[in-house]
Amino acid sequence: MAPGLPHSVADMDRPHFIGIGGAGMSGIAKILAQRGARVAGSDARESATAQALRELGVTVHIGHDAGHLASDATCVVVSSAIREDNPELARAKELGIPVVHRSDALASLMEGLRPIAVAGTHGKTTTTSMLAVSLKSLGLNPSYAIGGDLDVPGSNADHGEGEIFVAEADESDRSFHKYAPEVAIILNVELDHHANYASMDEIYESFETFTGRVTPGGTLVIAADQAGAAELTRRVRDTTSLKVVTYGESEGADIRIHKITPRGLASEVTVLLDGKLLTFTVSVPGRHYAQNAVAALAAGVAMGIPARNLASALKSYTGVKRRLQLKGEENGAQVIDSYAHHPTEMTADLEAMRSAAGDARILVLFQPHLFSRTQQLGKEMGAALALADASVVLDIYPAREDPIPGITSALIIDAAREAGADVQAAADKDAAVAAVAGMAKPGDLVLTMGAGDVTELGPRILDQLRG
């Protein structure tokens, strides 16, 4: 039986979450509620996630106000996005209520279980989801915390009675240093999150710290093909007692990908494992998703799960929201939502769509995410958009950041045009929706792309196509 309420970092009997509607925060809140805690919290706006939490008995306030914090709250949970001047945070400090970072709360939920932590610059949510769905289909009843919904709102986390806990491990603010997994997956290592990391050396140091947190006798599953992951392997292999398992298409990979065969919006993957070929289906398109599935397979095997059982179970994964999620089809044009916001992710998703689309046109409505990322990677984002047949680019979604003088979407648009892309700027969301819907023809694939609220525009594009 899985543990009850944790008390190692703070009393979690009556937690209050600031920003409870966020992907990471809502999952922790859900698991605590399922374990019997009296959970409350607040978020900036109403959402389906907030309503799903209410159905579990969670109190969710809309807006941030000191009065939302109950005087008997046993702790306040925050993420790195919560600013010091938040009125609920200020009130908690006045009352002397312990403030707990989201990562500490998640780490406490994993205590006494067998954690698998999934890390990497890209692919964390997909790989964590693949593991959670597969383990669940095998009857292992895992707990899990994912950075996105599997299908319905609130499906990003669950409290299971099994011994395994699968968690997405976020490197953006070094939160993953808090976890102590039995198995760690590292999918790739690239420079990102420029507000927190100044160089690749800092990135490597952070990931090395993460690998050092794996429990004695544990396993590190790491990509063999990606340059950053290969360099990290070189750095840690001779300095750790962990079992290091590499996977990929490289000749020297411990679990070698023998072949990836596109099958429409799916792939057939054959791997060489322990001297035997094993073939299975991945029900989403693209080489990067196939590689994520092999990482999930490797982690499951490291936990003692028979490879053939897990390979068969991986077919049950059919996608996660915002990861090439089909939103609908109108007048012969399909609208697909992509969470890609880093150039590597953008390129991978567009190549996957190109492979699946055949002769169909690919149209992209792209919303850059973060000023700092655009400042550092805007040119690369523009180059990625050249893979589409036409693109519309929105203003930068700021999330937690303040504007940086001179940093606008024009950086991306100029770079895209230099790379030969057909791209235009959109003055606002209404103009963007109208532009993309006006371009779309029967047979086209329309992608809403980005980590911000561009996801909300897919249904609006479908409405205009319908209309």
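Count residues from 1 along the sequence. Computed from a prediction, not measured in an experiment: that's the story for all the values here.
Between Pro98 and Thr74, the closest heavy-atom pair is CD-O, 3.5 Å. Across all non-hydrogen atoms, the minimal contact from Tyr317 to Ser283 is O-CB, 3.3 Å. Thr374 and Leu411 make their closest contact through O-CD1, 4.2 Å (heavy atoms, listed as atom of the first residue, atom of the second, distance).
A salt bridge is absent between Lys429 and Asp395: the closest approach of a Lys/Arg side-chain nitrogen to an acidic carboxylate oxygen does not fall below 4.0 angstrom. Ion pairing of Glu249 with Arg256 is absent here, as no side-chain N (NZ or NE/NH1/NH2) approaches a carboxylate O to less than 4.0 Å. A salt bridge links Glu46 with Arg54: the distance from a Lys NZ or Arg NE/NH1/NH2 to an Asp or Glu carboxylate oxygen falls below 4.0 Å. Taking a cutoff of 4.0 Å between a charged side-chain nitrogen and a carboxylate oxygen, Arg14 and Asp72 qualify as a salt bridge. Contact check on Glu456 versus Arg45 returns a salt bridge, with a Lys/Arg side-chain nitrogen under 4.0 Å from an Asp/Glu carboxylate oxygen. Salt bridge annotation for Arg114-Glu182: present, with a cationic side-chain nitrogen under 4.0 angstrom from a carboxylate oxygen. At a threshold of 4.0 Å, the pair Asp225-Arg287 does not count as salt-bridged, since none of the basic side-chain nitrogens sits closer than that to a carboxylate oxygen.
Residue Arg38 holds its CZ atom at 15.5 Å from CE of Met12, rounded to the nearest 0.5 Å. Within the model, atoms CG of Leu220 and OG1 of Thr211 stand 6.5 Å from one another, a figure rounded to the nearest 0.5 Å. Put simply, OG on Ser372 and CD1 on Ile404 are 5.5 Å apart, with the number rounded to the nearest 0.5 Å. Rounded to the nearest 0.5 Å, atoms CG (Leu191) and CD (Gln376) are 7.0 Å apart. Atom CD of residue Glu231 and atom CD of residue Gln226 lie 11.0 Å apart, to the nearest 0.5 angstrom. Residue Leu457 holds its CG atom at 10.5 Å from NZ of Lys327, rounded to the nearest 0.5 Å.
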Can you list the steps and then say if His68 with Asp65 is a side-chain contact (heavy atoms from CB on, under 4.5 Å)?
CA-CA 6 Å; His68 292 160; Asp65 187 279; 3.7 Å; yes

Apply side-chain contact (heavy atoms from CB on, under 4.5 Å) to residues Gln325 and Ile336 and explain how you reach the verdict.
CA-CA 5 Å; Gln325 178 194 10; Ile336 296 166; 5.8 Å; no

Could you go step by step and tell me if Glu84 and Lys93 meet the salt bridge (Lys or Arg N to Asp or Glu O under 4.0 Å) rule?
CA-CA 10 Å; Glu84 286 295 321; Lys93 291 179 179 178; 2.4 Å; yes

Show your working on side chain to side chain donor-acceptor pair (under 3.5 Å) between Ser143 and Asp158 and close with a plain yes or no.
CA-CA 5 Å; Ser143 295; Asp158 195 37; over 6 Å; no

Test Val294 against Phe280 for side-chain contact (heavy atoms from CB on, under 4.5 Å), laying out the working first.
CA-CA 10 Å; Val294 176; Phe280 59 96; 4.2 Å; yes

Where do Glu171 and Asn196 land on the side chain to side chain donor-acceptor pair (under 3.5 Å) test, with the steps shown first?
CA-CA 10 Å; Glu171 84 285 357; Asn196 293 324; over 6 Å; no

Kindly indicate, with the supporting measurements, whether the criterion side chain to side chain donor-acceptor pair (under 3.5 Å) is fulfilled by His101 and Ser80.
CA-CA 8 Å; His101 191 271; Ser80 298; 2.9 Å; yes

Side chain to side chain donor-acceptor pair (under 3.5 Å) between Thr121 and His342, intermediate numbers included
CA-CA 9 Å; Thr121 315; His342 184 284; over 6 Å; no

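Residues His288 and Asp349 bring a donor and an acceptor atom of their side chains to less than 3.5 Å of each other. Looking only at atom types and distance, the side chain of Thr246 has a donor-acceptor partner in the side chain of Asp254 under 3.5 Å away.
A donor-acceptor pair is defined here as one N or O able to donate and one able to accept, closer than 3.5 Å; such a pair exists between the side chain of Ser137 and the backbone of Ser134. Although no hydrogens or angles enter the test, the distance criterion places a donor-acceptor pair under 3.5 Å between the side chain of Glu345 and the main chain of His341. Under the 3.5 Å distance criterion, the side-chain polar atoms of Lys243 are left unmatched by any main-chain donor or acceptor of Thr219. Not one N or O on the side chain of Glu163 forms a donor-acceptor pair closer than 3.5 Å with the backbone of Leu113. With hydrogens and angles disregarded, no donor-acceptor distance shorter than 3.5 Å links the side chain of Thr347 to the backbone of Ala384. Formation of a donor-acceptor pair under 3.5 Å by the Ser338 side chain with backbone atoms of Ala340 is found in this model. Side chain of Ser316 to backbone of Ala313: a donor-acceptor contact under 3.5 angstrom is found. Asn86 places a side-chain N or O within 3.5 Å of a backbone atom of Leu89 that can act as its donor or acceptor partner. At least one donor-acceptor pair under 3.5 Å links the side chain of Ser108 to the backbone N or O of Ala105. Remark: the backbone N or O of Leu394 is paired with a side-chain donor or acceptor of Ser409 at under 3.5 angstrom.
With a 6.0 Å cutoff to the six-membered ring centre and a 45° limit on the axis angle, Arg174 counts as a cation-pi contact of Tyr197.
Residues passing the side chain to side chain donor-acceptor pair (under 3.5 Å) test with Glu94 are Arg91, sequence neighbours excluded. For Glu88, the salt bridge (Lys or Arg N to Asp or Glu O under 4.0 Å) criterion is met by no residue, not counting sequence neighbours. For Glu190, the side chain to side chain donor-acceptor pair (under 3.5 Å) partners at least two apart in sequence or on another chain are His122, Thr344. Partners of Arg460 according to the salt bridge (Lys or Arg N to Asp or Glu O under 4.0 Å) rule, which considers only residues two or more places apart in sequence or in another chain, are Asp430. With sequence neighbours excluded, the residues that form a salt bridge (Lys or Arg N to Asp or Glu O under 4.0 Å) with Asp192 are Arg373. Applying the side-chain contact (heavy atoms from CB on, under 4.5 Å) criterion to Ala227, with sequence neighbours excluded, gives no partner residue.
Asp337 places none of its side-chain heavy atoms less than 4.5 Å from the side chain of Leu447. By the 4.5 Å heavy-atom criterion applied to side chains, Val77 and Ile28 are not counted as neighbours. In this structure, the side chains of Leu135 and Ile305 come closer than 4.5 Å at one or more pairs of heavy atoms. Residues Ile412 and Phe366 have side chains in contact (heavy-atom distance under 4.5 Å, counting atoms from C-beta outward). Taking 4.5 Å as the limit, every side-chain heavy atom of Leu370 sits out of range of all side-chain heavy atoms of Tyr397. Two residues are said to be in side-chain contact when any heavy atoms from C-beta on lie closer than 4.5 Å; Val99 and Val78 meet this criterion. Considering only heavy atoms from C-beta on, Val76 comes within 4.5 Å of Ile18 through its side chain. Residues Tyr247 and Leu187 meet the side-chain proximity criterion, which asks for heavy atoms closer than 4.5 Å.
Of the residues Lys178, Lys124, Arg102, the one that meets the salt bridge (Lys or Arg N to Asp or Glu O under 4.0 Å) test with Asp170 is Arg102.
Phe210 and Tyr179 have their aromatic ring centers separated by at least 6.0 angstrom.
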